[in-house]
Amino acid sequence: MSRKPTSGKVRTAHDRLLPYLRSVGVREAPVLSRLREETQALPMGQMQIAPEQGALMQLLVQLIGVRRYLEIGVFTGYSALSVALALPDDGRILACDISAEWTAVARRYWQQAGQEHKIDLRLAPALDTLDGLLKAGQAASFDLAFIDADKQNYDGYYERALALVRPGGLIAIDNVLWGGAVADPTYQDAETVAIRTLNAKLREDDRIALAMVPIGDGVSLAWKRAGQA
């Protein structure tokens with residue numbers, strides 16, 4: 001959930017197919033469409049996840065029976081609202097962010113959608129919130145976690161999310177392709193290096209099963225193996 005490298009790449013087949021994909025492969029609720037359009041007009045609008053990512057997250061919620069969802073990085077609330085709409089009425093979301101300005105947009109749309117009662121927004125540094133959850137005995141209590149915040153803390157978010165998600169639960173990590181910069185050794189800025197380093201770590205982490213999906217800006221799905229604390 002921060003600026004990613006941009007390039008002057010030519011329009012690809014994927015770019016040409018994207019409108020078609022969204023027209024037949026995504027069932028975007030009208031309230032999500034309105035939120036996406038408002039966010040796209042913001043100066044940092046490119047930080048929003050793609051609608052096809054929201055659709056994937058909704059399907060994952062239903063596939064693994066999510067009732068407790070942890071979100072690290074809210075921005076204007078598209079991902080949290082996508083999940084909230086797929087959760088049962090007694091499902092709950094704990095959402096971490098530091099921006100009152102951006103999350104004010106999120107709150108407005110959560111309320112419009114009648115989903116605000118499902119979402120506990122914590123405005124504080126996410127590492128502090130996550131450490132507080134662990135100290136409060138909430139390890140292995142979440143079914144799904146989504147990481148989409150400041151990239152230099154991705155490893156810390158991942159380790160805490162792995163402790164907070166139950167065995168058989170799932171962690172989704174956004175921006176793992178980072179506009180292609182992770183595959184280009186000329187990019188050595190701190191954010192790119194942090195993502196590249198985490199990608200390599202996940203590849204070797206036997207606590208999880210892993211799939212990196214080229215959707216949006218890349219999403220890694222890490223399934224916490226049974227038997228992991």
Side-chain angles (χ1 to χ4, degrees), residues 1 26-42 44-45 47-149 157 160-161 163-166 168-174 219 221 224:
M1 197 189 69
V26 177
R27 299 173 180 172
E28 187 178 42
V31 67
L32 285 170
S33 180
R34 294 194 300 271
L35 172 54
R36 180 167 56 86
E37 289 171 2
E38 179 173 334
T39 301
Q40 284 176 341
L42 298 175
M44 303 287 282
M47 295 197 308
Q48 181 174 235
I49 68 166
E52 56 271 23
Q53 289 176 268
L56 175 63
M57 292 176 68
Q58 290 182 321
L59 184 61
L60 293 172
V61 166
Q62 296 172 72
L63 282 172
I64 66 174
V66 172
R67 303 189 85 83
R68 294 199 74 204
Y69 166 66
L70 175 65
E71 181 162 289
I72 304 165
V74 176
F75 191 37
T76 60
Y78 188 96
S79 50
L81 182 53
S82 296
V83 169
L85 289 167
L87 284 173
D89 195 59
D90 63 348
R92 293 294 180 264
I93 293 172
L94 197 151
C96 306
D97 207 284
I98 58 173
S99 173
E101 179 183 2
W102 289 337
T103 57
V105 178
R107 287 183 186 274
R108 177 157 46 86
Y109 279 91
W110 297 342
Q111 186 173 29
Q112 286 180 26
Q115 302 298 313
E116 193 173 28
H117 67 286
K118 297 179 182 177
I119 305 170
D120 177 7
L121 176 63
R122 306 282 181 93
L123 288 178
L127 291 175
D128 294 345
T129 299
L130 301 175
D131 286 340
L133 292 172
L134 290 169
K135 288 178 183 177
Q138 295 197 45
S141 67
F142 290 87
D143 304 299
L144 173 65
F146 182 51
I147 301 173
D148 185 18
Y157 296 146
R160 288 159 176 82
L164 287 161
V165 166
R166 62 171 171 82
L170 190 66
I171 302 170
I173 306 169
D174 196 29
V219 177
L221 300 176
K224 184 175 177 178

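Computed from a prediction, not measured in an experiment: that's the story for all the values here.
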pair Thr76-Leu35: side-chain heavy atoms closer than 4.5 Å: yes

How many angstroms lie between atom OG1 of Thr103 and atom CH2 of Trp110, to the nearest 0.5 angstrom? 6.5 Å

Please give me the minimum heavy-atom distance between Ile64 and Asp143, naming the atom from each residue. CD1-O, 3.7 Å

Calculate, to the nearest 0.5 Å, the distance between atoms CZ and CG belonging to Arg166 and Leu144 respectively. 9.5 Å

Taking the side chain as every heavy atom from C-beta outward, state whether Met44 and Thr39 have any pair of such atoms under 4.5 Å apart. no

Taken to the nearest 0.5 Å, the spacing of Gln115 CD from His117 NE2 works out to 6.0 Å

Nearest 0.5 angstrom please: Leu70 CG to Leu130 CG, how far? 6.0 Å

Can you tell me how far apart CG (Leu221) and CZ (Phe146) are? Round to the nearest 0.5 Å. 10.0 Å

Would you indicate whether the side-chain heavy atoms of Leu170 and Val165 approach each other to under 4.5 Å? no

Is there a side-chain contact between Gln40 and Gln48, using heavy atoms and a 4.5 Å cut-off? yes

On a heavy-atom basis, the closest approach of Ala106 and Val74 is CB-CG1, 4.3 Å

For Lys224 and Ala163, the nearest pair of non-hydrogen atoms, with its separation, is NZ-O, 4.0 Å

Please check if the number of heavy atoms outside Gln111 that lie under 6.0 Å from its CD is greater than 12. no

Is there a donor-acceptor contact under 3.5 Å from the side chain of Glu71 to the main chain of Ala80? yes

Please name the pair of heavy atoms, one in Asp97 and one in Gly73, separated by the smallest distance, quoted to 0.1 Å. OD2-C, 3.7 Å

Closest heavy-atom contact between Ser82 and Gly54? OG-CA, 3.8 Å

Scanning both residues in full, the closest heavy-atom pair of Ser99 with Leu123 reads O-CD2, 3.9 Å

Tell me, do Gln53 and Ser79 make a side-chain contact under 4.5 Å, heavy atoms counted? no

My understanding is that only one of Arg34, Glu116, Arg36, Glu38 makes a side-chain hydrogen bond (donor to acceptor under 3.5 Å, both in side chains) with Tyr109; could you say which? Glu38

Could you check whether any side-chain N or O of Asp120 sits under 3.5 Å from a backbone N or O of Leu94, counting only pairs where one atom can act as donor and the other as acceptor? no

Would you say that Glu28 contacts Tyr78 through its side chain, given a criterion of any heavy-atom pair below 4.5 Å between the two side chains? yes

About how many Å separate CG of Asp128 and CD1 of Ile98, when rounded to the nearest 0.5 Å? 11.0 Å

